[in-house]
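Here's a structure for you.
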Number of protein chains: 2
Amino acid sequence: MVAGPLPAPSGPGKDRLRLWIRLLRASRTIEAELRERLKKEFNTTLPRFDVMAALYRAPEGMLMSDLSRFLLVSNGNVTGIVDRLVSEGLVARARRNGDRRTSMVRLTEEGSRTFATIAAVHESWIGELLGKVSEDDARRLTGMLTSFRSNWEGRE
Amino acid sequence: MVAGPLPAPSGPGKDRLRLWIRLLRASRTIEAELRERLKKEFNTTLPRFDVMAALYRAPEGMLMSDLSRFLLVSNGNVTGIVDRLVSEGLVARARRNGDRRTSMVRLTEEGSRTFATIAAVHESWIGELLGKVSEDDARRLTGMLTSFRSNWEGRE
DNA sequence: GCAAATTATTTCAAGCTTAAAGTTTCATAT
DNA sequence: ATATGAAACTTTAAGCTTGAAATAATTTGC
């Protein structure tokens with residue numbers, strides 16, 4: 001997956017393969033840096049941050065299944081992360097719907113404050129780490145990735 | 001990180017944040033699909049595939065530390081993955097250098113054959129999954145990501 | 001009503017991942 | 001020689017991740 005710079009492959013379809021490799025390396029590099037900073041600066045993790053980011057955008061709360069769909073991870077995974085966030089007092093489960101299978105998950109007051117703080121710094125990190133990409137290129141790239149995604153989605 | 005499509009953020013630096021989010025979602029989506037197919041079709045995993053891909057390009061073998069640097073993962077991580085590949089007979093460690101701290105890791109005959117098979121299919125998957133990206137856009141995107149990376153590297 | 005199928009979530013086992021601590025080996029400077 | 005430190009690797013503990021199995025609640029079809 002992360003095959004690299006050495007023997008530049010050629011042939012039909014190689015451009016897409018090369019694109020995929022770059023994409024993966026870019027995101028892994030940035031992810032690693034963010035993970036390290038989140039740990040050092042805020043003593044938290046990327047998955048926790050992801051969950052909190054999703055919940056921050058949904059003040060009314062989200063179902064576990066919404067979270068897992070949105071974050072592109074498995075159900076069982078979300079259970080564990082939310083468990084930890086709950087035990088840290090940042091997130092609360094409310095099982096008081098008509099449907100008693102579900103639980104509405106939302107940020108606590110503290111969770112919301114905490115996330116806002118981290119998110120601001122996080123955004124400045126992204127600005128720093130992607131600083132060499134011009135805003136113009138950023139928009140262009142985003143557009144390409146978006147159309148790729150919307151095309152690809154709706155399979156399976 | 002994987003914050004999504006709903007309330008389009010705006011302001012200075014928001015373009016880069018949005019780019020990062022798309023980048024991450026794109027790579028996670030593809031990664032998830034590849035992981036699933038590797039499991040179903042070849043009963044293997046992405047990390048194993050990554051290690052084998054790296055070794056395939058280095059017939060003379062690689063040190064553990066080379067592997068971990070190249071794959072952008074930690075040392076301890078590589079130890080575990082190589083352990084499993086060794087126990088599956090796909091990879092061999094040779095501790096016969098002058099330097100007895102190191103071990104040269106390489107694919108076995110079987111590992112090499114196995115990887116070649118998987119890699120061919122893998123490439124066709126990428127072609128399929130990125131099919132909607134024109135070869136032209138693929139080259140352009142790759143260029144942007146490359147320059148981003150080479151600019152960003154050399155920090156730390 | 002009620003059995004069967006579906007949906008939402010949790011639990012579990014196996015594997016991946018990191019950071020930090022530990023082990024062994026090597027290089028250097030006394 | 002021998003300490004001192006650095007380098008290569010492994011081990012460990014904690015957490016993330018998946019896919020599959022288990023639980024529980026709801027919905028559907030008779």
Side-chain angles (χ1 to χ4, degrees), chain A residues 1-2 27-29 31-52 61-88 91 93-105 156, chain B residues 1-2 27-29 31-52 61-88 91 93-105 156:
Chain A
M1 268 31 262
V2 191
S27 63
R28 284 194 185 174
T29 305
E31 247 183 315
E33 183 69 23
L34 292 176
R35 192 187 333 100
E36 193 180 327
R37 294 186 184 192
L38 282 174
K39 176 74 174 177
K40 277 211 184 3
E41 305 291 331
F42 298 107
N43 193 36
T44 190
T45 67
L46 215 41
R48 282 167 164 90
F49 181 85
D50 286 351
V51 166
M52 293 181 78
M62 288 177 85
L63 301 181
M64 294 297 281
S65 40
D66 293 339
L67 267 174
S68 104
R69 222 183 337 273
F70 181 68
L71 297 174
L72 307 174
V73 299
S74 66
N75 296 355
N77 189 356
V78 176
T79 297
I81 298 167
V82 166
D83 282 351
R84 276 165 227 119
L85 286 171
V86 167
S87 79
E88 292 166 15
V91 157
R93 277 188 176 95
R95 176 177 263 113
R96 48 178 173 51
N97 280 21
D99 189 333
R100 281 175 315 189
R101 290 169 303 182
T102 66
S103 56
M104 211 58 166
V105 181
E156 85 215 299
Chain B
M1 277 15 274
V2 192
S27 62
R28 283 194 186 175
T29 303
E31 245 182 318
E33 183 69 22
L34 291 176
R35 192 186 335 97
E36 192 179 327
R37 293 186 184 193
L38 283 173
K39 176 73 175 178
K40 276 210 188 358
E41 306 291 330
F42 298 106
N43 193 36
T44 190
T45 67
L46 216 41
R48 281 167 166 91
F49 181 84
D50 287 349
V51 167
M52 294 180 78
M62 288 177 85
L63 301 181
M64 294 297 282
S65 41
D66 293 338
L67 267 174
S68 106
R69 223 185 335 276
F70 180 68
L71 297 175
L72 308 173
V73 300
S74 66
N75 297 355
N77 189 355
V78 175
T79 297
I81 298 167
V82 168
D83 282 352
R84 274 166 228 118
L85 286 171
V86 167
S87 79
E88 291 167 14
V91 157
R93 279 186 175 95
R95 175 176 265 118
R96 46 176 175 52
N97 281 20
D99 190 333
R100 281 175 315 188
R101 291 170 300 181
T102 67
S103 56
M104 213 55 167
V105 180
E156 87 214 303

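Proteins get letters first, then strands, A, B, ... in listed order; numbering begins at 1 in each. It should be emphasised that the depicted structure is a prediction, and the values quoted were computed from it without experimental measurement.
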Query - d(CG, L67(B); P, dA8(D)) in whole Å - result: 14 Å
**Report entry** salt bridge (Lys or Arg N to Asp or Glu O under 4.0 Å) partners of E36(A), counting only residues at least two apart
**Finding:**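 Testing E36(A) for salt bridge (Lys or Arg N to Asp or Glu O under 4.0 Å), a comparison that skips the adjacent residues, returns none.
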Query raised in the report: What string of B, S and - do you get for nucleotides 7-12 of chain C, 5' to 3', if B is base contact, S is sugar-phosphate-only contact and - is no contact with any protein heavy atom under 4.0 Å?
Result: BSBBB-
Query - Non-neighbouring partners of S103(A) that pass side-chain hydrogen bond (donor to acceptor under 3.5 Å, both in side chains), sequence neighbours left out - result: none
Query raised in the report: When the distance from CG of L72(A) to C1' of dT18(D) is rounded to whole Å, what number comes out?
Result: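 Rounded to the whole Å, the gap is 14 Å.
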**Report entry** Length of the line joining R37(B):CZ and dT18(D):P, which is rounded to integer Å
**Finding:**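 It is 17 Å, rounded to the nearest whole Å.
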Query - Rounded distance (Å) that lies between atom C1' of dA19(C) and atom CG of N43(A) - result: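 Checked: the CG to C1' distance equals 12 Å.
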Query raised in the report: In this structure, which one of L85(A), T102(A), V105(A) forms a side chain to side chain contact (heavy atoms under 4.5 Å, CB included) with R93(A)?
Result: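 The residue from L85(A), T102(A), V105(A) that satisfies side chain to side chain contact (heavy atoms under 4.5 Å, CB included) with R93(A) turns out to be V105(A).
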Query raised in the report: How close or far is atom C1' of dT18(D) from atom CD1 of I81(A), stated in whole angstroms?
Result: 12 Å
Query - Derivation and outcome, side chain to side chain contact (heavy atoms under 4.5 Å, CB included), residues T45(B) and K39(B) - result: CA-CA 6 Å; T45(B) 67; K39(B) 176 73 175 178; 5.8 Å; no
Query raised in the report: Does OP1 or OP2 of dT26(D) have a side-chain N or O of R100(A) closer than 4.0 Å?
Result: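 For R100(A), the contact criterion (side-chain N or O under 4.0 Å from OP1 or OP2 of dT26(D)) is met.
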Query raised in the report: Does R37(A) come within less than 4.0 Å of E33(A), counting only side-chain N to carboxylate O?
Result: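 Counted as a salt bridge, because a side-chain N and a carboxylate O are separated by less than 4.0 Å.
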